[in-house]
Amino acid sequence: MSFICRFAPSPTGPLHIGGVRTALFNWLLAKKNKGKFYLRIEDTDKERSKEEYIKQIIESLAWIGIKHDEKEYIQSKNIKKHKEIAEELLKKGFAYKCYCSEEEIKQQKEKCKKQGIPYIYNRKWRDPKNLDIPKDIKPVIRFKSKISGDVKIKDLVQGEINISNSIIEDFVILRQDGSPTYQLSAVVDDHEMKITHVIRGDDHKINTFKQIQIYEVMKWEIPKFAHIPLIHSDKGSKLSKRDMASTIGDYIKKGILADALRNYLLRLGWAYKDKEIFTLKESIDLFDLKGVGKSPSKLDLTRILSINEHYIKHIEEKELFKLLKDFAQKFRKSIDPSKENAVLQSMSFLKNKAKTLDDIYCNSEYIIKDNIELLPDDEKLLDPPAKKIISEFLEKFNKIDVPNKEKLEEIINNLIKKHNTNFKGVGQPLRIALVGSRFGPGIYNIILSLTKDEVIKRISKIN
RNA sequence: GGUCCCAUCGUCUAACGGUUAGGACAGAUGGUUUUCAAUCAUCUAAUCGGGGUUCGAUUCCCCGUGGGACCGCCA
């Protein structure tokens, strides 16, 4: 059995993480079934479609590792075909011209609203026997939808869904300006692309009932459908473009790794036993629509962070450094080539306290920056006794040829004894002098990650 | 409002009709450590309510309740 699926976003706004998950599910299934995954840009809304969003969509998918087969389809390029099908439907009597003015439709809607009944187009022009065709109105073409009976679809995620045909209106397939609408274009393209599985958000469920009617009258093979539950914001409603951290870019900026986000999205609405971490191969092998839940799930940033932390800890350090370098260049300050090696060598402990690339960057700043600035609160901690301790440290440190942990330990332990203090008493002022902050990596790690001269320089500056 | 869908810890979710309802994240506590963190151990925490069916319901059915999606010449 062949498996051809697609992801079909409209470039009317930036792609958000819910769309990315839909794409991921499609792609995973295509890989698993050795099928095809296409990307189709649905740009039939000329007003709102923007080139920049097409770019953003493609880049988002690429970043997370989703590669579509062949070149992306641009829906507007196939408009001619869509129109042909509309004409064919018209000719065969499956569609009709509707001469209602926009004003007339608007009034209808208002009337319904007042009466508290749901609006559905009144099918006025479905049977135009006694109507005069107005000369000043260009018609739209509506599909002649079934009026009676009911339909049942077998959804691969939701199971059987029943709906009465009477609630499906005669939807527009060709606008007044002659351009095709989504309902038509999507079906024609899915047919032409030989799509076997339409896997999309729950919000498309009603469209399926409209669209299968077009397949039926055209005698086209109907694909299988799966409607996956939507991702909700922490407020509990459909994720929108206005929600914080909704696009891939938002996560890149935070320093989230592609693998971590992929893993998070995979587990959102889907589970495989108690498994939490999936390699790419595992997700392809194990992912299945049967495991997809029916209820929507909320976005949880702390969980993304914790998965990210896991990946940061397990990824190879060289690889992590490359990501850090790239991140710093894009969102912070480029790491000077002369500092690269020191940072790379220190990855093992710089990454330990980090949930994001940005955290690692912050941990690394004392290496990256030539001048360290003290925060006023920290500066206060460098009182005369503290300064005395670090100047004594400097004296001893100076005498070491090659610093190592044992020697440093010896010096520090002696100072602790001599000044009758604890580790904090010595470590804290030293850390402030070297890093400019009370927080940071372990003191031995810090000292050994800097050159001897640099340590001397920074401590000398304090006194 | 109409139509459709959904409902297990705060969150993501496991559980052929039979489990002390499991795991993960978050939270709490304690140990360790070199501050923050990390780490280890422990703990808190859920089947929306009511009826059925059944020897036995988280699981099946019905009714409530709650949440969501859709209701465009957007996609």
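A, B, ... follow the sequence lines: proteins, then strands. Residue 1 opens every chain.
The P atoms of B:U34 and B:A28 are separated by 24 Å, rounded to the nearest whole Å. Straight-line distance between the P atoms of B:G66 and B:A26: roughly 34 Å, to the nearest whole Å. Going from the C1' atom of B:U42 to that of B:U19 covers 22 Å, rounded to whole Å. Nucleotides B:C62 and B:G1, compared at atom C1', are 24 Å apart to the nearest Å. Comparing the C1' positions of B:U44 and B:C4 gives a spacing of 39 Å, expressed to the nearest Å. For the P atom pair drawn from B:G22 and B:C9, the interatomic distance equals 14 Å after rounding to whole Å.
Side chain A:N207 to base B:A75: a donor-acceptor pair is found below 3.5 Å. Side chain A:K353 to base B:C36: a donor-acceptor pair is found below 3.5 Å. Counting atom types as modelled, A:R303 pairs a side-chain N or O with a base atom of B:A24 as donor and acceptor under 3.5 Å.
In this structure, A:H232 does not pack face-to-face on the six-membered ring of B:G68, missing the 5.5 Å centre cutoff or the 30° plane limit.
At a threshold of 4.0 angstrom between heavy atoms, the contacts of A:V172 are confined to the sugar-phosphate backbone, with no base atom among them. Backbone-only contact: A:K313 has heavy atoms under 4.0 Å from sugar-phosphate atoms and none from a base. Nucleic acid contact for A:Y264: none, since no nucleic acid atom lies under 4.0 Å from a heavy atom of the residue. Across all strands shown, A:E276 has heavy atoms under 4.0 Å from base atoms, whether or not it also approaches the sugar-phosphate.
Across every strand in view, B:G66 sits in a pair with B:C6 that passes the Watson-Crick or G-U test at under 3.5 angstrom. For B:U42, the paired nucleotide is B:A28, the pair qualifying as Watson-Crick or G-U wobble because both relevant distances are below 3.5 Å.
Contacts of A:K152 classified as side chain to side chain contact (heavy atoms under 4.5 Å, CB included), with partners at least two apart in sequence or in another chain: A:E160, A:N162.
For the side chain to side chain contact (heavy atoms under 4.5 Å, CB included) criterion with A:F225, the lone passing option out of A:V157, A:I212, A:I199, A:L156 is A:I212.
The phosphate of B:U13 (OP1 or OP2) has a side-chain N or O of A:S297 nearer than 4.0 angstrom. Proximity of A:T302 to the phosphate of B:U11: no side-chain N or O atom is located under 4.0 Å from OP1 or OP2.
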